[in-house]
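Structure first, then comments.
Residue numbers start from 1 in every chain, and the chains themselves are labelled A, B, ... in the order their sequence lines are given, proteins ahead of strands. Everything numeric in this text was worked out from a predicted model, so none of it was measured.
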Amino acid sequence: MTAVAEERSFIAKRLSGLSLRSSRRGPGLLRQAALQALCVFVLFTVLFPIVWVFSVSLNPLNLSRPQGLDIIPPGATFDAYFKVLESPTANPISFVELTANSLKVALSTSIVSVLIGVFAAYAFSRLRFRGREVLMLMILAVLMLPAVATLAPLFVLLNSIRVELPLLGEFNLRQSLLGLGLAIVSGLLPFAIWNLKGYLDTIPRDLEEAAWVDGAGLHQTFLRIILPLSVPALAVTGFLGFIAGWTEFYFTSTFLSGSVPNHTLALALYSMTGQFAQTPWAQFSAFAILFALPPAIVYFLAQRWITSGLAIGAVKG
Amino acid sequence: MAAITARFSGRRSGGAGQQRTQRSAYLYLVPAFAVMGLITIYPLLYQVWMSFTNTELQHLNQRLGLVPDFVGLDNYERILSSALAIPNFDFLRLIIYNLWWALSNVAIHLVIGVGIAVLLNSKGLWFRRFYRALYILPVVIPPIIVATVWANMFDKNAGAVNLLLATGGKWLGLPPETFQIDWLRQIAPPLPWLLPNVEGGPDLALPLAFYAMLVTNTWLGWPLNSVVATGALQSIPHELYEAAEIDGASNWQKFRNVTLAYLRPAMVPYAIYGFVITFNLFHLAFFMSGGGPNGRTEMLVTQAYTLVNNLHFYGIGAAFSVIMFFILLAITLVTNRMAKATQTYSL
């Protein structure tokens, strides 16, 4: 603290001793109680839906709807979880198969986008070339459009790719996980480029300059300095892409509804919801919890890094 | 940027080096733009072409070999004049509702987010870290789960919201039948004076479903606002408050002239970002109200989805997306200007 500030704060303390209470050690007990009451109320609103899903998931399966608001409902059981793990929907596909499909889509799309994206991000962040502004504007324009707005052309184009395979019959790209993956990467890659460029822009250039002085070339600088430094950003961008793929709904429901072996967790969840859904809520809730838990835990533990990454951009969705 | 490039090209003796950097740059761009060209840019251009045709389901069946007709601007005209053969389609209402949805949400997120950040920042608060850790929970749950779970919460008979209200009502002596509210499907607007109809304009009445989704999205949206606000709050030098006290400022004056002045540069860009995210928020409208009742909570994104997924109007859907592009472009240009205007605001 500078001398002036010190003096000023000294005067402030003297003055506040006379009238203002805010410079006291802490708030009075009454004030503390009021603040705690507010905080607990907010906590109640935050936790209420989460606790509610857990308690609904404990209901026995012969109940279509929960009977009350008990945290532990009468006749509480884990039956719903066993039922979900065995056969979650009316379709002949198991929880493991659904998870495998979601995992394939989410992992491959996020890894591909980040790996291809980081090269372009490096070029945009560090190199100057003709057409740079035009290409960046193009990426921004694509990012501006929500993914659902590319549904029509991707459906028609992917649908037009059909190959007659021996033994397996006709292969339609649109009705495959590969086609779904392509549709997701279509929106995820521009996001990855933009997000990673934003991160690379924050890396100080001193290190690269030192490397250049030592005679390192462009590629060496990228591989030995930039890439290792951007591992956290790659992880965050990849994780955000993973969540987007893990819960992707528009493309999945439009492309794959008719192809049960390719169904994902999101599609199964959708089939359990709605006004006229026959699924007991216990089963739906258990499914929702199992679906949400893996990414939620990672997000919760890594939130500090992720929220700072979020300040740069967000996955289209 | 300039310094580095100059340095880099300097080492390679002028023009030749510059050219080499150029070539390397394109080398780094090739993988991304090859992929994007094929699955992003080409489909978007194809979409523009498709928007001038009447492509529908029968044109996709290659065995039939039907070729869609070129219809010029017909799709655009029909969308903009609300002349589509879809029940409850009113383009003007769609845009006004969508803008209102984003605006009202962001305003509420901001107020609650800043309010709770200030609350958690109060001096000497017990369990501060505990609250901060738990308040972030809504953010970590995927939106598709939030939307489907809250759809059940707002159920007329077994939903937690009605049961909770009935429990509270019992203390006031109200019978439980009072709280059989059909949140997501009741048609009569509870507050008809909000967003009133203009003579000859679209029917804008906001159904209960709007408020139910507003509650859900508030639950979902304020915590990140609070995180951003907390970061800004902690950057305020304490001397400023002391100086304000010396000048005899009241608590409200301190909050207005110090706290809010420091929060503004951090919150405005985040609010703009939140506005665009909320404007395009698909999951709540789709899974909770389904755009209903009577299409009153339909948004641009959900309408775009229905046109393609349920109705198979690929040509109209393409035109709809092109129109969406221009709406979002306009929003981006306006908000960019707003962000620039606040940047020059001096503390």
Side-chain angles (χ1 to χ4, degrees), chain A residues 5 8-9 12 15-16 20 26-27 35 38-39 42-43 46 49-50 52-53 65-66 69 116-117 119-120 122-123 127-129 142 144-146 148-154 156-157 159 182 186 189 193 205 218 243 247 249-250 254 266 269 273 281 288 291-292 295-296 299-300 303 307 314, chain B residues 1 4-5 21-22 24-26 28-29 31-32 35-36 39-40 43 46-47 50 60 116 119 122-126 131 134-138 140-142 144-145 148-149 151-153 158 160 163 227 239 242-243 245-246 277 280 282 287 301 304-305 308-309 314 317-318 321 324-325 328 332:
Chain A
R8 203 198 283 161
S9 97
L15 280 176
S16 66
L20 299 158
L35 291 178
L38 262 174
C39 286
V42 173
L43 190 62
V46 166
I50 300 171
W52 183 74
V53 196
R65 302 285 183 261
L69 278 179
I116 300 178
F119 285 91
Y122 177 65
L127 305 173
R128 209 190 242 183
F129 50 90
V142 172
M144 206 179 65
L145 205 61
V148 70
T150 54
L151 202 55
L154 284 169
V156 172
L157 288 172
N159 191 60
L182 289 174
S186 153
L189 182 54
I193 296 175
R205 278 134 216 244
L218 190 74
I243 294 191
T247 61
F249 178 74
Y250 344 99
T254 312
L269 184 83
T273 57
W281 281 13
F291 185 10
Y299 203 143
F300 188 74
Q303 49 171 293
T307 44
Chain B
M1 171 66 63
I4 284 193
T5 327
T21 322
Q22 286 247 1
S24 304
Y26 294 131
Y28 276 81
L29 292 171
V35 173
M36 273 176 60
I39 60 178
T40 310
Y46 185 78
Q47 165 138 290
M50 214 161 69
L60 300 192
I116 293 176
L119 171 69
S122 28
K123 234 193 222 168
L125 181 79
W126 299 338
Y131 291 128
L134 288 182
Y135 285 0
I136 203 71
L137 278 173
V140 309
I141 302 170
I144 189 172
I145 308 278
T148 47
V149 166
N152 282 357
M153 299 248 309
L163 291 180
V227 169
E239 290 81 22
E242 288 165 353
E245 276 173 24
I246 294 172
I277 294 286
N280 291 328
F282 175 88
F287 290 104
V301 278
Y305 177 84
V308 175
N309 185 69
Y314 302 105
S321 294
M324 258 175 87
F325 174 83
L328 287 166
T332 309

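- Smallest separation of non-hydrogen atoms from A:L127 and B:A25: CD1-CA, 3.6 Å.
- Interface remark: A:F300 contributes backbone and side-chain atoms alike to the contact with chain B (heavy atom separation under 4.5 Å).
- Remark: side-chain polar atoms of B:Y135 are paired, donor with acceptor, to backbone N or O of A:C39 under 3.5 angstrom.
- Looking at heavy atoms from C-beta onward, A:L151 lies out of side-chain contact with B:S321 at the 4.5 angstrom threshold.
- Taking both residues in full, the closest heavy atoms of B:A158 and A:P66 are given as CB-O, 3.9 Å, listed atom of the first, atom of the second, then distance.
- Contacts of A:I193 with chain B are made by side-chain atoms alone, with heavy-atom separations under 4.5 Å and no backbone atom involved.
- In this structure, the portions of B:T148 lying under 4.5 Å from any heavy atom of chain A include both its backbone and its side chain.
- To the nearest 0.5 Å, atoms CG (A:L43) and CG (B:L137) are separated by 9.0 Å.
- Ring-plane geometry between B:F282 and A:F249 is classed as tilted, the angle between the planes lying from 30 to 60 degrees on a 0 to 90 degree scale.
- Counting all heavy atoms, side chain and backbone alike, B:S122 lies closest to A:L35 at OG-CD1, 3.7 Å.
- With chain A as the partner, the residue from B:I141, B:V149, B:I116 showing the most heavy-atom pairs under 4.5 Å is B:V149.
- With A:S186 contributing its side chain and B:I39 its backbone, the two residues share a donor-acceptor pair below 3.5 Å.
- Within the model, atoms CG of B:N152 and CH2 of A:W52 stand 5.0 Å from one another, a figure rounded to the nearest 0.5 Å.
- Taken to the nearest 0.5 Å, the CG atom of A:L182 stands 10.0 Å off from the OG1 atom of B:T40.
- Here A:L154 contributes atom CG and B:Y46 contributes atom OH; the two are 11.0 Å apart, rounded to the nearest 0.5 Å.
- What you find for B:M324 and A:A149 is that their closest heavy atoms are CE-CB, 4.4 Å.
- Nearest heavy atoms, B:M36 versus A:L189: CG-CD2, 3.6 Å.
- Note that the CZ atom of A:F291 and the CD1 atom of B:I145 stand 5.0 Å from one another [nearest 0.5 Å].
- Heavy atoms closer than 4.5 Å to chain A are found in the side chain of B:M50, but not in its backbone.
- When heavy atoms are compared at a cutoff of 4.5 Å, B:Y314 approaches chain A by way of both its backbone and its side chain.
- Using cut-offs of 30° and 60° on the angle between ring planes, the pair B:Y26 and A:F129 is perpendicular.
- For A:V53, the part lying near chain B is the side chain, with the backbone staying farther off; criterion is any non-hydrogen pair under 4.5 Å.
- Neither the backbone nor the side chain of B:A151 comes within less than 4.5 Å of any heavy atom in chain A.
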Subject >> Stepwise side-chain contact (heavy atoms from CB on, under 4.5 Å) check, B:L134 with A:V46 >> reply: CA-CA 8 Å; B:L134 288 182; A:V46 166; 5.7 Å; no

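- Nearest heavy atom pair, residue B:P43 against residue A:P153, reads O-CB, 3.2 Å.
- The structure places CG of A:L269 at 7.0 Å from CZ of B:F287, a figure rounded to the nearest 0.5 Å.
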